[in-house]
Amino acid sequence: MGGAAVALLAATRRRPTTPLSFFLPRAARAGLHEAAAPAEEEKGRTPRRRRSSSSRLLGPDIPDAWDPPPRAAARPPPPGGAGVDYESTTTIIDGKSVAEDIRFQIAEEVLQMKNAVGHVPGLAVILVGDRRDSQSYVRYKIKGCEEVGIKSLLAELPGNCTEDEVVDSVSKFNEDPSVHGILVQLPLPQHMDEERILSAISLEKDVDGFHPLNVGNLALRSRKPLFVPCAAKACLELLLQSGIELMGKHVTVIGRSKVVGLPTSLLLQRHHATVSIIHAFTTNPEEITRQSDIVISAAGVANLVRGSWLKKGAVVIDVGTNPIEDPTSDYGYRLTGDVCFEEAVRVASAITPVPGGVGPVTIAMLLANTLDSAKLAYGLETEPHEL
């Protein structure tokens with residue numbers, strides 16, 4: 001037997017045994033967890049979904065195996081979608097509902113923390129300049145804190161302030177023991193070194209997940225970051241909550257920013273998806289996207305993805321929140337996504353709306369990260385790892 005064959009056989013024998021529950025449908029696995037947990041019905045309460053942890057979002061720890069199945073075992077391709085009216089069967093993924101459930105559970109845990117240690121989590125937000133979209137995002141984040149009982153602090157700085165002034169604000173929050181999460185609202189003015197400012201945030205308070213160590217640990221499947229970036233975490237949560245299979249699926253991520261595109265692609269790879277990344281220099285982006293089972297767009301370009309970019313039955317996660325002038329709106333503008341919703345809904349099997357899709361879940365994930373940071377600070381038990 002050749003050396004390569006011996007090595008392949010040895011590697012095969014060393015593969016860990018996959019638990020039987022892994023092969024069960026998602027609903028069945030959920031049933032196993034519910035059966036093992038105390039019955040909440042006996043307490044007179046309606047059972048609710050368990051708040052997702054970063055560990056679950058990191059995906060199953062399965063070693064790469066390139067063994068091709070025997071030709072005889074190959075399954076025929078699924079039937080085509082000709083004649084199917086996807087417009088009438090498209091599922092609108094309700095991010096507001098998912099976020100509401102997560103916030104409910106966070107509020108319960110915040111109250112438990114207050115009763116146990118006499119403190120609540122604290123989130124500090126630093127806003128530089130007067131961008132309308134940034135101001136809108138900050139308002140939603142502060143409102144989210146109020147709803148779950150998290151203390152919020154806001155430092156507003158003018159757009160012409162110095163970089164050192166922003167770093168000083170970060171340093172003050174780093175030293176404040178009542179603050180467990182620090183968020184610098186992006187983008188920053190062009191004259192500022194974004195990397196320097198974000199690197200000034202304490203690793204233990206980096207609830208946005210942008211610290212180099214958090215990003216590096218996310219990229220290494222053998223490690224776990226303290227915090228996963230909130231928007232990427234929201235995308236995965238929506239897919240998982242919707243019961244959409246990721247393993248082996250072709251996913252196209254449009255945009256490669258460190259805020260959404262990069263961490264989302266890393267999370268998807270942990271779930272063993274095949275990931276294509278579209279960026280400004282990609283040739284034939286429409287053709288690549290049309291081959292995908294799942295499309296996640298975070299390019300920041302309104303109506304970039306048209307219906308012709310999608311294959312029938314694709315799942316679409318629209319992260320874009322692009323302000324469009326609208327005199328009829330209270331703020332003088334409205335938000336629209338990267339995906340032309342009116343066209344995509346005629347093709348996709350499931351899609352997130354804008355607003356009401358990824359946005360509310362992103363804020364909920366920020367609150368969840370802040371709660372986890374406070375738990376670590378006070379030595380409270382965090383959710384068990386599920387890898």
Side-chain angles (χ1 to χ4, degrees), residues 26 76-99 231-232 234-255 260-261 264-265 268 271 273-280 282-326 328-329 333-362:
R26 182 176 302 278
V84 179
D85 183 4
Y86 280 92
E87 181 180 9
S88 63
T89 60
T90 300
T91 298
I92 307 300
I93 301 176
D94 186 359
K96 290 182 178 180
S97 176
V98 174
C235 291
L236 266 290
E237 180 69 14
L238 287 168
L239 290 169
L240 294 174
Q241 291 281 10
S242 301
I244 295 168
E245 185 62 50
L246 297 176
M247 185 179 296
K249 299 299 183 181
H250 183 194
V251 186
T252 289
V253 178
I254 304 176
V260 188
T264 301
S265 65
L268 289 165
H271 281 264
T274 301
V275 183
S276 296
I277 300 176
I278 301 290
H279 51 78
T282 300
T283 302
N284 297 325
E286 180 177 349
E287 180 179 340
I288 296 172
T289 305
R290 197 184 297 117
Q291 299 171 4
S292 305
D293 305 300
I294 302 169
V295 176
I296 301 176
S297 185
V301 180
N303 296 317
L304 170 69
V305 180
R306 313 303 297 239
S308 61
W309 286 43
L310 306 172
K311 76 174 183 180
K312 289 186 176 180
V315 175
V316 179
I317 305 294
D318 190 351
V319 191
T321 48
N322 309 293
I324 301 295
E325 293 291 337
D326 184 358
T328 64
S329 171
Y333 71 98
R334 58 183 173 84
L335 296 179
T336 187
D338 289 353
V339 180
C340 181
F341 186 86
E342 293 77 10
E343 294 179 7
V345 76
R346 299 176 179 273
V347 183
S349 62
I351 187 172
T352 58
V354 177
V358 178
V361 184
T362 298

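This chain uses plain numbering: 1 for the first residue, then up along the sequence.
- Scanning both residues, Ile351 and Ala344, for their nearest heavy atoms gives CD1-CB, 3.7 Å.
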Does the side chain to side chain contact (heavy atoms under 4.5 Å, CB included) test come out yes or no for His271 and Leu240, once each step is laid out?
CA-CA 11 Å; His271 281 264; Leu240 294 174; 4.1 Å; yes
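- Checked options Asp94, Val315, Val98, Ile296; the residue passing with Leu238 is Val98 (criterion: side-chain contact (heavy atoms from CB on, under 4.5 Å)).
- Ile288 CD1 to Thr283 OG1: the interatomic distance, rounded to the nearest 0.5 Å, is 7.5 Å.
- A distance of 7.0 Å separates CD1 in Ile324 from CG in Asn303, rounded to the nearest 0.5 Å.
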Step by step, work out the side chain to side chain contact (heavy atoms under 4.5 Å, CB included) result for Asp338 and Val319.
CA-CA 7 Å; Asp338 289 353; Val319 191; 5.8 Å; no
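- Scanning both residues, Gly248 and Thr274, for their nearest heavy atoms gives O-OG1, 4.5 Å.
- For the atom pair CZ of Arg290 and OG1 of Thr252, the computed distance is 11.5 Å after rounding to the nearest 0.5 Å.
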Given side chain to side chain contact (heavy atoms under 4.5 Å, CB included), test Val301 with Ile254 step by step and report yes or no.
CA-CA 10 Å; Val301 180; Ile254 304 176; over 6 Å; no
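- Checked by atom type and distance alone, the side chain of Thr264 never pairs as donor or acceptor with a backbone atom of Gly261 at under 3.5 Å.
- Of all heavy-atom pairs between Val305 and Ser297, the closest is CG2-OG, 3.9 Å.
- Distance check: Lys311 NZ to Thr289 OG1 gives 12.0 Å after rounding to the nearest 0.5 Å.
- The number of heavy atoms from other shown groups lying within 6.0 Å of NZ (Lys96) does not exceed 12.
- Between the side chain of Thr321 and the main chain of Leu335, no donor-acceptor pair closer than 3.5 Å is present.
- When atom types are taken as modelled, the side chain of Asp293 and the backbone of Ala314 share no donor-acceptor pair closer than 3.5 angstrom.
- The distance from atom CD of Glu287 to atom CD1 of Ile278, rounded to the nearest 0.5 Å, is 10.0 Å.
- For the side-chain hydrogen bond (donor to acceptor under 3.5 Å, both in side chains) test, residues two or more places apart in sequence or in another chain that qualify with Arg306 are Glu343.
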Applying side chain to side chain contact (heavy atoms under 4.5 Å, CB included), run through Val316 and Trp309 and close with a yes or a no.
CA-CA 11 Å; Val316 179; Trp309 286 43; over 6 Å; no
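- Annotation for Val354 and Gly320: closest pair CG1-O, 3.4 Å, computed over non-hydrogen atoms.
- Here Cys235 contributes atom SG and Ile317 contributes atom CD1; the two are 6.5 Å apart, rounded to the nearest 0.5 Å.
- With hydrogens and angles disregarded, a donor-acceptor distance shorter than 3.5 Å links the side chain of Thr90 to the backbone of Val345.
- Of all the heavy atoms in Ser308 and Glu286, the pair that sits closest is OG-OE2, 3.3 Å.
- At distances below 3.5 Å, not a single donor-acceptor pair connects side-chain atoms of Thr91 with backbone N or O atoms of Ala350.
- Closest heavy-atom contact between Ala99 and Pro360: CB-O, 3.5 Å.
- Applying the salt bridge (charged side-chain N to carboxylate O under 4.0 Å, His left out) rule to pairs touching residues 350-360 yields nothing, sequence neighbours excluded.
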